Each structure stands twice: as structure tokens, then as C-alpha cells.
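For clarity, every value in this text was computed on a predicted model and none was experimentally measured.
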Amino acid sequence: MEKLQNYINGELVSPTGGAYFENIEPATGKAYSLIPDSDSHDVAAATRAAKAAFPVWSSMSIQERSDILLRVAQLIGERQEELALAESKDNGKPLKLARTVDIPRAQANFHFYATAILHFASESHSMGNVAINYTLREPIGVAGCISPWNLPLYLFSWKIAPALAAGNTVVAKPSEVTPYTAFLLSKICIDAGMPKGVLNIVHGLGPKAGADIIEHDDIPMISFTGGTATGEWIARTAAPKFKKLSLELGGKNPNIIFADCDFDDMLRTTLRSSFANQGQICLCGSRILIERSIYDRFKDAFVEQVKKMKVGDPQDESSKLGAVVSKPHMEKVLSYIKLAKEEGGTVLCGGKQANVGGAFAEGYFLEPTVIEGLPHTCRTNQEEIFGPVVTLMPFDTEEEALMMANSTKYGLASSVWTSNLKRAHRVAKELHTGIVWVNCWLLRDLRTPFGGVKSSGVGREGGFEALQFFTEPKNVCIKY
Ligand code: NAD
């Protein structure tokens, strides 16, 4: 079986301890490659390489750094099909999605930050005739970047690209559940002429190699995307070392539908925001709040469409849903469907493992599931499920919709559907989320701040926010 390798100091290397674990293809349930089970020795080697590369990389001209990152972007574009196929196989997501969203976005992340850095300016503050202050924004050193399995290369590159563009070197770990495209990225970096040690990719388990990155004294900043419980541990561990932290965590996003919305547009988009990537996008709307006067109309139309969504072979263009990412994750989602029933919910469609058959008989497929009849306060409506499961809840007033929307500990994203402009502004202002979409979903401009409030995270990615995170401001005050 193919053995993936770490990328350390510009070379593909085996883990020092020689240990590997299996990489499972979610659509078949079968192992197809082996992942390095890296330990503290590998993380230490990667960090040493990154530390040694920092002085040269950080003092290189911005244009030179930009050119290297642009070459990475270009090679991702040239190898799009290979990367999309790998992402679909590794994650279970429909190939079409990997082709149209994941890989183009990974390319865009490198392209965006390779050019953003050319326009990144710092502030100056005049004190009249007395003095001038200017702020230097300097790269910090070695950045630790850790990403999840749901959008593997997309989120991995979303961290690595700004960290490198800002002049830092990087020790990164992709999710052990979906490591394959990060492995392909190491090969791309070699081909792109990335100087050795600038980017290091260590594969392995979160509590082992991941924790070693968090704890390493020579890694002063951490950019993490993943679950809230992991984020909590990272915050607790990194705080006494005074590391800079950016945490992008879980969500339980509300989708608020008012009776005056464009119904067809809303319905089409709500199908996507509920079930794209099998509901495993941190931005998916899993609590659908519907104004009571159109509740039945929405329910009937939505359930009719959901029943038509094909669950199947991720490489088949007609499959709307592929497999969820792993067996434990499938079991977790099923346990929430069971909980929803115990809490008094009615399953309107789905609710079970999907039987895809053939080569996929052992795969982790779930039917898209719609549940109604639950109070907004129950666990099903408060905890992150992160699968193809949504709940429907009616509301009578704008105040009630906002109260329900804001009632969870999370605050990542929300959607609002209305054609009343005043209401759109009012509701957007009152929602406790880092991102609000009005009459759309997942429409992304990479210049905008991205992140959550409450238990959905700390800090913002995107645009210059990420470049600010990956640099340290130093104010210089000069008296005239
Ligand atoms: P996870 O927290 O289990 O793992 C995320 C990454 O952290 C993996 O690479 C894992 O190996 C690593 N990790 C685990 N334990 C660690 C530790 N102790 N120290 C260091 N690293 C550790 O999350 P997941 O299951 O891979 O991803 C799903 C979660 O990610 C969901 O909660 C989802 O909402 C969230 N997510 C958030 C965003 C966002 O932008 N806010 C985006 C995507 C996913």
C-alpha cells in the first residue's frame, strides 16, 4: 500500500519512528494508503528546519516570495484533476464538488495571498509638529497551522498561504482523516521551487503530532481550524506560553426564512446550505427557522426535493451526496438522529444509513435527513452534528426568530431570507455570528473577515486580517 511521507526541510521523508496507520476511503470503507504516525521527533525536525529557513525567507523581497507562491497556485491549477480525484477519494465528497469548489479555492488561496502581500501596508500616526509614529509589521517566526478534514486542501492552504506570504515559515499538519492532498501539495512545493524548510508538513494524529506542534516552544503562533473541544484544549495549552492564537471552531448555524423571500431562490440555496458536502461544512445551516405563514409550503417543497437527492458514488456526476468522512463520524451523526427522536422530533425524510450497494456496500453513506417538532432548546438544536441533518422550526415574529437563532453557544454564520431591505439590515445587525448571508449562502469574497464569535472561535482569517495575524506590529515613534 502507498505510504504517504512527511515533507521536512524540502524533502519527502518517512516518520522517524517508522510507524504508520491506515487511511480509509469513506466510500468503500477500505484502507488504501498509510499515513505517517509522526511523533515529537518529526515535529522537532520540522520546527528546526522552519526555524533555520526563517531568516532567509523573511528577508527575501516580497516580490520573490510572491512569485514562489504564485508558482504553487499555478501548479495546483495544472494538477486540478489529480487533486480533485484525490480529495474525493480521501474525503468521500462528490468529485464535482472537489472540482468546482475545493481545488479551485485552494489555488485561489495561494494566488490571493501571493498578491495580497504586495498591497499590504502598515499604518502611520502623525502627532502634528511633535512626532511621527509608524508601525512596522514584521513576520514572527515559525507558524503552526492545523486543519480539519471537511475541506482538506481548501482549509489547509487558507492558513499556509497567508502565513508564508507574510514571511513566516510553517510547520503544518493536515487532518489524519484526510491527509492525501496535503501530501500532493508537498510534491507541488518541491516542483515550485519552494526553498527548503519554508513549508514543512507533518502527518499524524491530533493528540500526538498535533499536540506537539501546539506545545513546541519554537512555534509562537498557532492557526487552528477544527472542533470547539480541541480549540479549548489548544487555548488552555498555548495560553501559558503566550502564543498568538487564531481559532476557527464549530458552528450550529441558523437559516432564517421570512415569508416575503424569493421562495424559489431560497429553496434552491437552502438545499445546498443544508446538504453540500454531506452537511460537513462549518458554514452549513443546520437549524432552519421558517416564518409560520409559509412553514407548510416550505416543508412540503423542501422534503420533496430532499427525497430526490441522490446519495451515491462520489465520482458519479449525478450524486448530490457522497459518503460522510469516517465510520465514527457516521455513527456520531446517527446517534444524533436517535437523540432527536428521543427528544420528540419527527423524521420527515432520511434518518438512516443509505444503502448504496455494489463496491460501496461498506461505505459510510447517510440519507439526507429533515426533522421537525423539536424545541430550539433541545440538544439536537444546540449541539453541532456536522452531517446531513437539518431541523425545521416555525417562528411568529422577527424577535422570536432572533431569540432562537442566537440561543446556542456557537456564533459562526447565519443566513437570512427576506425581500424587506430594512428587516435584512436589522436582523443582520442583531445576529450573534461572525458572518451573515442575506439572500445567499457561501458567497465568499476572500478580502472579507472570516471567523466566529462565542464558542465558534477567536480571531479572524481572510483578507488583510490574516496578514495582520501572521505579523507582529511594532510602533516606532520619532520625535521631530
Ligand atoms: P478536530 O478538532 O478533531 O481536528 C482538527 C485538527 O486538529 C486535525 O488536524 C486534528 O488532527 C487536530 N487535532 C486534534 N486534537 C489535537 C490536539 N490535541 N492538538 C493539536 N491538534 C489536534 O476537528 P475535525 O473533526 O477534524 O473537524 C470538524 C470540526 O471543524 C467541526 O467542529 C467543524 O465545525 C470545524 N470547522 C470549523 C471551521 C471554521 O472555519 N470555523 C471550518 C471547518 C471545520
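No more than 12 heavy atoms of other residues, nucleotides or ligands sit less than 6.0 Å from atom NZ of K96. Counting heavy atoms of neighbouring residues, nucleotides and ligands inside a 6.0 Å radius, atom CG of D67 exceeds 12 of them. Counting heavy atoms of neighbouring residues, nucleotides and ligands inside a 6.0 Å radius, atom NZ of K51 does not exceed 12 of them. Crowding of H329 atom NE2: a count of heavy atoms from other residues, nucleotides or ligands under 6.0 Å exceeding 12. The local environment of CD in E81 is crowded, with over 12 non-hydrogen atoms from other residues, nucleotides or ligands closer than 6.0 Å.
Panel note: side chain N91, backbone S88; no donor-acceptor pair is recorded below 3.5 Å. Of the possible donor and acceptor atoms, one in the side chain of K93 sits under 3.5 Å from a partner among the backbone N and O of N150. The backbone N or O of E64 sits less than 3.5 Å from a side-chain atom of S61, completing a donor-acceptor pair. Formation of a donor-acceptor pair under 3.5 Å by the T228 side chain with backbone atoms of S455 is found in this model. Between the side chain of Y113 and the backbone N or O of G463 there is at least one donor-acceptor pair closer than 3.5 Å. No side-chain donor-acceptor contact under 3.5 Å links D37 to the backbone of A19. Listed for the E461 side chain is no donor-acceptor partner under 3.5 Å among the backbone atoms of K159. Remark: side-chain polar atoms of N277 are not paired, donor with acceptor, to backbone N or O of G279 under 3.5 angstrom. The main-chain N or O of T471 is never found under 3.5 Å from a side-chain atom of E138 such that the two would form a donor-acceptor pair. Put simply, the side chain of S456 gets close to the backbone of G250: a donor and an acceptor are under 3.5 Å apart.
A84 and A98 make their closest contact through O-CB, 3.6 Å (heavy atoms, listed as atom of the first residue, atom of the second, distance). Between L321 and P388 the shortest heavy-atom distance is CD2-CB, 3.9 Å. The shortest heavy-atom contact between S14 and D42 is O-OD1, 4.4 Å. The heavy-atom pair separating F365 from G322 by the smallest distance is CD2-O, 3.5 Å. For the residue pair G227 and L249, the shortest heavy atom distance occurs at O-CD2, 3.6 Å.
Taking the ring centroids of W149 and F386, they lie under the 6.0 Å cut-off.
Annotation: side chain of L70 is in contact with side chain of H111 (closest heavy-atom distance under 4.5 Å). You'll find the side chain of T369 reaches within 4.5 Å of the side chain of I337, heavy atoms only. A 4.5 Å side-chain heavy-atom check between L431 and V416 finds at least one atom pair inside the cut-off. Side chains of L283 and L442 form a contact here, defined as non-hydrogen atoms less than 4.5 Å apart. No side-chain heavy atom of R287 sits less than 4.5 Å from a side-chain heavy atom of V390. A heavy-atom distance below 4.5 Å is not found between the side chains of C284 and S286. Residues N6 and P15 are in side-chain contact: their nearest non-hydrogen atoms beyond the backbone lie under 4.5 Å apart. Using a 4.5 Å cut-off on side-chain heavy atoms (C-beta onward), P94 and K320 make no contact.
Taking 4.0 Å as the cut-off between side-chain N and carboxylate O, K208 and D39 do not count as a salt-bridged pair. Comment: E11 does not engage K196 in a salt bridge, judged by the lack of any side-chain N to carboxylate O separation of less than 4.0 angstrom. At a threshold of 4.0 Å, the pair K243-D217 does not count as salt-bridged, since none of the basic side-chain nitrogens sits closer than that to a carboxylate oxygen. Taking a cutoff of 4.0 Å between a charged side-chain nitrogen and a carboxylate oxygen, K310 and E317 do not qualify as a salt bridge. Contact check on K241 versus E215 returns no salt bridge, with no Lys/Arg side-chain nitrogen under 4.0 Å from an Asp/Glu carboxylate oxygen. Taking a cutoff of 4.0 Å between a charged side-chain nitrogen and a carboxylate oxygen, K252 and E383 do not qualify as a salt bridge.
For the atom pair C145 SG and L155 CG, the distance stands at 12.0 Å (nearest 0.5 Å). Here L443 contributes atom CG and I435 contributes atom CD1; the two are 12.0 Å apart, rounded to the nearest 0.5 Å. Here N168 contributes atom CG and F54 contributes atom CZ; the two are 6.0 Å apart, rounded to the nearest 0.5 Å. To the nearest 0.5 angstrom, L366 atom CG is 5.0 Å from L334 atom CG. A distance of 13.5 Å separates CD in E465 from CZ in R447, rounded to the nearest 0.5 Å. The CD1 atom of I385 sits 9.5 Å away from the CZ atom of R379 when rounded to the nearest 0.5 Å.
A donor and an acceptor atom, one from each side chain of D218 and T47, are nowhere located under 3.5 Å apart. Residues T178 and D90 bring no donor and acceptor atom of their side chains to less than 3.5 Å of each other. Remark: the N253 side chain and the Y410 side chain contain no N/O donor-acceptor pair separated by less than 3.5 Å.
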Derivation and outcome, side chain to side chain contact (heavy atoms under 4.5 Å, CB included), residues Y7 and M194: CA-CA 12 Å; Y7 172 51; M194 180 82 77; 4.0 Å; yes

Between I160 and F110, is a side chain to side chain contact (heavy atoms under 4.5 Å, CB included) present by the stated rule, with each step listed? CA-CA 8 Å; I160 290 170; F110 275 101; 4.2 Å; yes

Under the side-chain hydrogen bond (donor to acceptor under 3.5 Å, both in side chains) criterion, do T391 and N381 qualify, and how do the steps go? CA-CA 7 Å; T391 60; N381 274 326; 2.6 Å; yes

Working for side-chain hydrogen bond (donor to acceptor under 3.5 Å, both in side chains), residues Q382 and S407: CA-CA 8 Å; Q382 292 287 318; S407 69; 3.3 Å; yes

Checking E123 against R137 for the salt bridge (charged side-chain N to carboxylate O under 4.0 Å, His left out) test, could you report, in this order, the C-alpha distance in whole Å, the side-chain angles of both residues, the deciding distance, and whether it holds? CA-CA 9 Å; E123 313 83 41; R137 287 202 164 266; 3.6 Å; yes

Report the C-alpha distance between L95 and D316 in whole Å, list the side-chain angles of each, state the deciding distance to 0.1 Å, and finish with yes or no for side chain to side chain contact (heavy atoms under 4.5 Å, CB included). CA-CA 8 Å; L95 175 59; D316 179 344; over 6 Å; no

Would L446 and R105 count as a side chain to side chain contact (heavy atoms under 4.5 Å, CB included) here? Give the steps. CA-CA 10 Å; L446 301 190; R105 175 57 192 276; 3.4 Å; yes

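No cation-pi contact links R444 to W437, judged by a cut-off of 6.0 Å to the six-membered ring centre and 45° from its axis. Relative to the ring axis of Y180, K89 does not place its NZ or CZ within 45° and under 6.0 Å from the centre. Judged by the 6.0 Å and 45° rule, K3 forms a cation-pi pair with Y20.
Aromatic ring pairs are classed by plane angle as parallel below 30°, tilted from 30° to 60° and perpendicular above 60°; the pair F120 and F464 is tilted.
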